[in-house]
There are 2 protein chains.
Amino acid sequence: MTTIYLAEDQEMLNTALATLLGLEDDLNVIGTATDGQTALSEIIQKKPQIAILDIEMPKLSGLDVAEQINLLNIPTKVIILTTFARAIYFEQAVKANVNGYLLKDNPTDQLVKTIHEVLDGQTIFSPELVTTIISAEKNPLTKRELEVLKEIKTGKNSKEIAKSVFLSDGTVRNYISSILSKTGTSSRIEALNIAEKNKWI
Amino acid sequence: MTTIYLAEDQEMLNTALATLLGLEDDLNVIGTATDGQTALSEIIQKKPQIAILDIEMPKLSGLDVAEQINLLNIPTKVIILTTFARAIYFEQAVKANVNGYLLKDNPTDQLVKTIHEVLDGQTIFSPELVTTIISAEKNPLTKRELEVLKEIKTGKNSKEIAKSVFLSDGTVRNYISSILSKTGTSSRIEALNIAEKNKWI
DNA sequence: TCAATAATGTGACAAATGTCATAGAAACAT
DNA sequence: ATGTTTCTATGACATTTGTCACATTATTGA
């Protein structure tokens, strides 16, 4: 009997999956949570064989939980289950040594199948995910530029951004100029739109 | 035996709910779709007693489908099932005479319960939804201002917006000035953030 | 019908934004 | 060891953005 822990913040999906997985005769859902913090502490305590983690959850993201599980050397195998095929998420997941990464864009059968494959020792990544990652525009922005772009998103003006990131106003504006030229845009909002479309932020 | 049609574009939830509802011994899921267009034509053809509709779906939104069902006088009762407690969605749903509006932030039991209540002739709205709607800032923007704000979102500058909405550059800037003052902000991006937070756009 | 609001416009001004040239230091890759 | 990229900065400039005062015409709710 395989023990499973499920962390998913959308109640409807959480309860639906918990019930469904429980119906499989070799799977046993030993706990569920709707936030990352609860999930982590219960996983540490209960040591399930498999943890299914959503990414976007309150308090602690599924990726943070995965990272902790990895660092603490807990034997639980992790499957990330998410809506988003973001490059950043994917990279973080790989770093955290997750055993599976499945998109919610798949039927439940696929989840069950993935659980079995992961139990079998395989590492499984959704093919659509891999395709998306490959076809996404590679982020041409430097660390600093990305940092500035994130500040832009909050609606700050150049001076405020400068204060936040400890740079001069002029430097910030130079970075923005560079961001615009790299994204082929001519205003902050356009640049944000491009970055969001390509999942850079 | 109650016939149910389910339209939900996220495969994982779609399949999970279809299976779960099928397990109830008085419910029979006679079809599912992952886009609004398919859902509408199948609902017209199969005339289920209940249609469960997600809002954000490709091709046709769940609200569009609900509206059509209402206009065509199809006897199917509609339950909207969505993540979002947006005022605009809610208003549209009321206009389309839907019989229920449930947030995905509820467990599956709640969905089953709602189905039974709706069958029973009741009209059910998620209490959290009602609370959210009441507590949301009322949109202080005029039609024109909102129109301009949507243009802002695309990243256009004042002149481009002026062209799109057939106004003078100065007028557009006046509208923007008014938007900023009404939202208590001092830049386009801040205004967008506020509008998005309050689900005005 | 009357007052308030909305829609539209102009002109003028201050501030913010974006561009460009230029340059030194640090980090990194080959 | 050397060349490239990144990080940081300044000054000058043109353009855009946002504010304000003011004015005319619909529209509309009371």
Side-chain angles (χ1 to χ4, degrees), chain A residues 87-88 91 95 136-198 200-201, chain B residues 87-88 91 94-95 136-201:
Chain A
I88 321 153
E91 284 163 29
K95 264 187 212 148
E137 284 297 314
K138 224 191 137 301
N139 186 344
L141 305 180
T142 68
K143 225 180 226 174
R144 266 323 210 178
E145 287 163 353
L146 205 61
E147 204 182 344
V148 168
L149 190 56
K150 281 178 194 156
E151 292 292 323
I152 289 176
K153 192 175 177 198
T154 69
K156 291 196 179 89
N157 68 20
S158 309
K159 269 183 209 159
E160 289 164 341
I161 295 174
K163 257 185 208 162
S164 299
V165 299
F166 305 105
L167 288 173
S168 82
D169 174 52
T171 303
V172 167
R173 274 156 59 215
N174 283 339
Y175 279 137
I176 294 176
S177 193
S178 162
I179 290 167
L180 299 186
S181 110
K182 283 181 180 177
T183 54
T185 57
S186 59
S187 79
R188 294 164 181 225
I189 298 181
E190 279 181 287
L192 278 180
N193 287 342
I194 294 279
E196 273 164 10
K197 193 169 69 186
N198 287 307
W200 299 338
I201 51 176
Chain B
I88 321 155
E91 283 163 29
V94 171
K95 265 188 210 150
E137 285 297 315
K138 224 193 136 300
N139 184 348
L141 305 180
T142 68
K143 226 179 227 175
R144 263 327 208 177
E145 287 163 352
L146 206 60
E147 206 182 342
V148 169
L149 190 57
K150 281 177 192 157
E151 293 292 323
I152 289 177
K153 195 176 173 196
T154 70
K156 291 196 179 91
N157 68 18
S158 309
K159 270 183 209 160
E160 289 165 340
I161 295 174
K163 258 185 207 163
S164 299
V165 299
F166 306 105
L167 289 173
S168 82
D169 174 54
T171 304
V172 167
R173 273 154 63 211
N174 282 339
Y175 279 136
I176 295 175
S177 193
S178 163
I179 290 168
L180 298 186
S181 108
K182 282 181 180 177
T183 54
T185 56
S186 59
S187 78
R188 295 165 180 224
I189 297 181
E190 278 182 287
L192 278 179
N193 288 342
I194 294 279
E196 273 163 11
K197 191 169 69 189
N198 288 306
K199 331 270 182 189
W200 299 337
I201 51 175

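- Counting heavy atoms from C-beta outward, A:T171 and A:S168 have side chains that approach closer than 4.5 Å.
- A distance-only check finds a donor-acceptor pair linking the side chain of A:S164 to the backbone of A:E160 [under 3.5 Å].
- Between B:R144 and B:E147 there is a salt bridge, since a side-chain N of the basic residue sits under 4.0 Å from a carboxylate O of the acidic one.
- Within 3.5 Å, no donor on the side chain of A:D169 pairs with an acceptor on the base of D:dT10, nor the reverse.
- Atom OH of A:Y175 and atom P of D:dA9 are 8 Å apart (whole Å).
- Nucleic acid contact for B:S181: none, since no nucleic acid atom lies under 4.0 Å from a heavy atom of the residue.
- For A:L167, counting side-chain heavy atoms from C-beta on, the closest listed nucleotide (D:dT10, D:dT8, D:dA21) is D:dT8.
- Taking 4.0 angstrom as the limit, B:S177 places a side-chain polar atom (N or O) nearer than this to OP1 or OP2 of D:dT19.
- Going from atom CD1 of B:I179 over to atom C1' of D:dT19 covers 14 Å, rounded to whole Å.
- A:E196 places no side-chain N or O within 3.5 Å of a backbone atom of A:N193 that could act as its donor or acceptor partner.
- Using modelled atom types, no side-chain atom of B:K182 and backbone atom of B:L141 make a donor-acceptor pair closer than 3.5 Å.
- Nucleic acid contact for B:T171: base, since at least one base atom lies under 4.0 Å from a heavy atom of the residue.
- Per the geometry, CD belonging to A:E190 stands 10 Å off P belonging to D:dT17, to the nearest Å.
- Protein atom CZ of B:R173 is 7 Å distant from nucleotide atom C1' of D:dT16, rounded to whole Å.
- In this structure, A:K156 does not pair ionically with B:E190, as no charged nitrogen and carboxylate oxygen lie closer than 4.0 Å.
- Side chain to side chain, A:E145 and A:S178 meet the donor-acceptor criterion of an N or O pair below 3.5 Å.
- B:R188 places its CZ atom 11 Å from the P atom of D:dT19, with the value rounded to the nearest Å.
- The nearest whole Å value for the distance from the NZ atom in A:K159 to the P atom in D:dT17 is 18 Å.
- Atom pair B:E145:CD and D:dG18:P shows a separation of 14 Å (rounding to whole Å applied).
- The interatomic distance linking B:I161 (CD1) with D:dT17 (P) rounds to 8 Å, in whole Å.
- A nucleotide of DNA chain C counts as in contact with chain B when one of its atoms lies under 4.0 Å from a heavy atom; the first and last such, 5' to 3', are C:dA6 to C:dA12.
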